[in-house]
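Notes to accompany the following structure.
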Amino acid sequence: MKLKDEISGKYVEIGNYSPNLKIYVCGPTVYDKPHLGHLRTYVAYDAMVKYMRHRGRSVFYLQNITDIDDKIINRALETGQDPLALSRKYTLDYMDAMKYAGVDSVNYYAMATHHIKDIIKQIKRLEKKGFTYTLPDGVYFRVWMLKNYGRLKHQSPEEQKTGARAKVAELKEDQRDFVLWKFKKEGEPSWRSPWGEGRPGWHIEDTAISLSFFGSRFDLHGAGRDLLFPHNEAELSIMTALKNSENVCPAWSYTGMLKINGEKMSKSLNNFIPVDDVMQKYSREEVRYAFLSSLYPTDLDFSWNMLEESRKNISYIRRSYEKLEKHSQKGASVDVGSYRELLYRNMDDDFNTRIAISILMELASEIMKANSLDSESANEAKKLFDDANTFLGIIPEQKEKGIPEQSVESLLKLRELLRKKKLYPESDAIREALKNAGIIMEDGGNGTEWRRE
RNA sequence: GGAUAGGUGGCAGAGAGGUGAUGCGUGGGACUGCAGAUCCCAUUUACUAGGGUUCAAAUCCCUACCUAUCCUCCA
């Protein structure tokens with residue numbers, strides 16, 4: 001099982017050090033509603049982790065929630081709310097969004113505000129090693145002490161000139177230095193520390209959490225690509241400084257940005273689609289199918305049509321899945337083993353969910369084309385769909401709610417009688433009524449079949 | 001300007017030297033009371049442009065053009 005490490009640009013085997021994998025993924029800053037861009041990233045890591053588990057790895061998947069940050073405070077000030085109440089509200093929204101998308105592989109969500117002690121401990125250790133200095137507004141990290149700052153960003157110190165948005169803080173020793181602890185301002189939430197009342201900087205929140213859970217080594221660090229710099233660069237610096245090692249984590253992976261009309265979907269461009277808006281119209285499976293239909297590291301241009309396509313394809317897969325339940329002893333046999341092998345081979349190759357899905361489509365197509373399947377093939381195919389679904393999560397469960405089966409069967413028989421007497425308006429009325437109740441009737445060559453919507 | 005990733009059919013989106021990924025859409029046909037679903041056939045010089053390497057290039061190399069992301073807010 002390999003995955004591309006974006007520091008080296010090379011593929012690394014994951015899970016070779018130990019069968020017990022430790023994975024950390026940067027969570028959101030909860031100051032606004034979750035949007036589809038977040039979902040894209042977390043669905044991708046959800047599928048990866050679930051696939052690893054499916055293939056027998058034990059994974060501890062840790063994710064942080066940044067619930068104290070400038071953005072949260074600013075938003076709270078704008079709207080006259082308590083910052084921590086605001087972040088609590090959006091944390092719950094985020095959890096709802098994850099639940100909707102079927103992202104349930106995370107073992108632990110760590111709130112930054114629950115780890116203030118760890119953060120302070122970590123700053124103390126950095127202080128001892130001489131990596132910190134104090135200014136009137138906070139405690140800073142000394143970047144120049146690390147030769148390889150810029151490693152993740154692939155830029156030499158020469159190239160790290162001040163960017164467009166970089167504020168030049170005259171007092172900082174180096175423009176690249178970042179804040180570890182911010183001193184309290186009027187009306188802001190704060191905690192006690194050896195340096196004075198204040199709150200943590202963004203980057204140290206993540207390293208305090210990841211290292212206090214994982215110790216001196218973990219297997220995979222994931223995030224959206226927009227966090228690569230400065231956030232992950234700073235994380236890497238802190239970890240390097242603390243552990244005297246540049247290899248605390250051997251694999252840094254990134255998800256591509258979700259775009260809309262060719263531009264990144266983001267809060268600052270205000271072109272984002274909140275998860276709420278999609279939740280009403282499309283199912284969990286449809287959204288996952290749409291996202292997993294592209295490769296996780298590439299950008300993906302969102303469109304509503306994408307979700308419509310997903311809907312059709314999922315319906316096709318589900319029909320073929322249902323057909324498997326009607327198999328007979330004799331019939332065509334399908335070489336399910338080769339589908340499974342291809343599926344695993346492509347998932348092992350940097351989690352190619354796009355190919356995985358196309359393999360399932362091909363299997364579905366082969367099933368649909370066959371008049372009947374032998375029971376062994378049918379059982380194996382069913383098992384493959386079930387297995388793939390444990391990590392892809394694109395095949396919906398059959399709903400058993402609504403009108404009982406017996407009632408549907410009786411109405412179906414009644415309709416058959418009416419149709420034989422060519423009383424079509426009456427038979428169509430039954431079909432229409434059942435459709436409104438979530439039952440779809442389809443007349444075929446071998447009589448009428450029905451299914452729940 | 002710098003770093004990184006790209007440019008593939010009407011559309012979405014894989015592939016990474018050699019047998020048309022997959023899907024959506026469109027056209028035609030089968031089935032059918034209608035609808036729907038399904039099946040069959042077609043959409044067969046698709047790989048930004050120009051050079052180069054090779055028996056063979058969408059894939060490797062060079063040049064140009066274009067796009068996106070980041071360059072201290074962001075998943």
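In the text below, chain A, chain B and the rest are named by the order of the sequence lines, each starting its count at 1. Computed from a predicted structure; not experimentally measured.
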[N] [atom2] sits how many Å from [X] [atom1], rounded?
X: A:Lys312; N: B:G36; atom1: NZ; atom2: P; result: 12 Å
X: A:Arg225; N: B:C70; atom1: CZ; atom2: C1'; result: 10 Å
X: A:Asn371; N: B:A37; atom1: CG; atom2: P; result: 20 Å

Is the shortest side-chain N to carboxylate O distance from [X] to [Y] below 4.0 Å?
X: A:Asp277; Y: A:Lys33; result: no
X: A:Glu426; Y: A:Arg415; result: no
X: A:Arg288; Y: A:Asp46; result: yes
X: A:Glu309; Y: A:Lys312; result: no
X: A:Lys369; Y: A:Glu366; result: no

Nucleotide nearest [X] (side chain, heavy atoms from C-beta), chosen from [options]:
X: A:Met257; options: B:U22, B:U4, B:A75; result: B:A75
X: A:Gln155; options: B:G2, B:G33, B:A75; result: B:G2
X: A:Lys264; options: B:C70, B:A5, B:G33; result: B:C70
X: A:Arg419; options: B:C34, B:A75, B:G23; result: B:C34
X: A:Arg431; options: B:A35, B:C71, B:C73; result: B:A35

Once you apply a heavy-atom cut-off of 4.0 Å, does [X] come out as touching a base, just sugar-phosphate, or nothing?
X: A:Arg415; value: base
X: A:Tyr42; value: sugar-phosphate
X: A:His35; value: base

Quick test: give all pairs of protein nitrogen or oxygen and nucleotides 10-15 of chain B nitrogen or oxygen below 3.5 Å, distance rounded to 0.1 Å.
from  : atom 1 : to       : atom 2 : distance (Å)
B:A14 : OP1    : A:Leu295 : N      : 2.9
B:A14 : OP1    : A:Thr298 : OG1    : 3.4
B:G15 : OP1    : A:Asn352 : ND2    : 2.9

Dump the intermediate steps for side chain to side chain contact (heavy atoms under 4.5 Å, CB included) on A:Tyr45 and A:Gln63, then the final yes or no. CA-CA 11 Å; A:Tyr45 284 109; A:Gln63 198 180 111; over 6 Å; no
Using a cut-off of under 3.5 Å, enumerate the N/O to N/O pairs linking the protein to nucleotides 39-42 of chain B.
from  : atom 1 : to       : atom 2 : distance (Å)
B:C39 : OP1    : A:Tyr316 : OH     : 2.6

Partner of B:C73 by Watson-Crick or G-U wobble geometry, both contacts under 3.5 Å, or none? none
Considering Watson-Crick and G-U wobble pairs with both distances under 3.5 Å, what does B:A56 pair with?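 Its partner is none (no Watson-Crick or G-U wobble pair with both distances under 3.5 Å).
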Can you pull out every salt bridge (charged side-chain N to carboxylate O under 4.0 Å, His left out) where at least one residue sits in residues 265-275 of chain A? Sequence neighbours excluded, please. none
Testing A:Thr255, A:Asn352, A:Asp350 one by one against A:Tyr296 for a side-chain hydrogen bond (donor to acceptor under 3.5 Å, both in side chains), which residue passes? A:Asp350
Any chance the rings of A:His38 and A:Tyr94 have centres within less than 6.0 Å? no
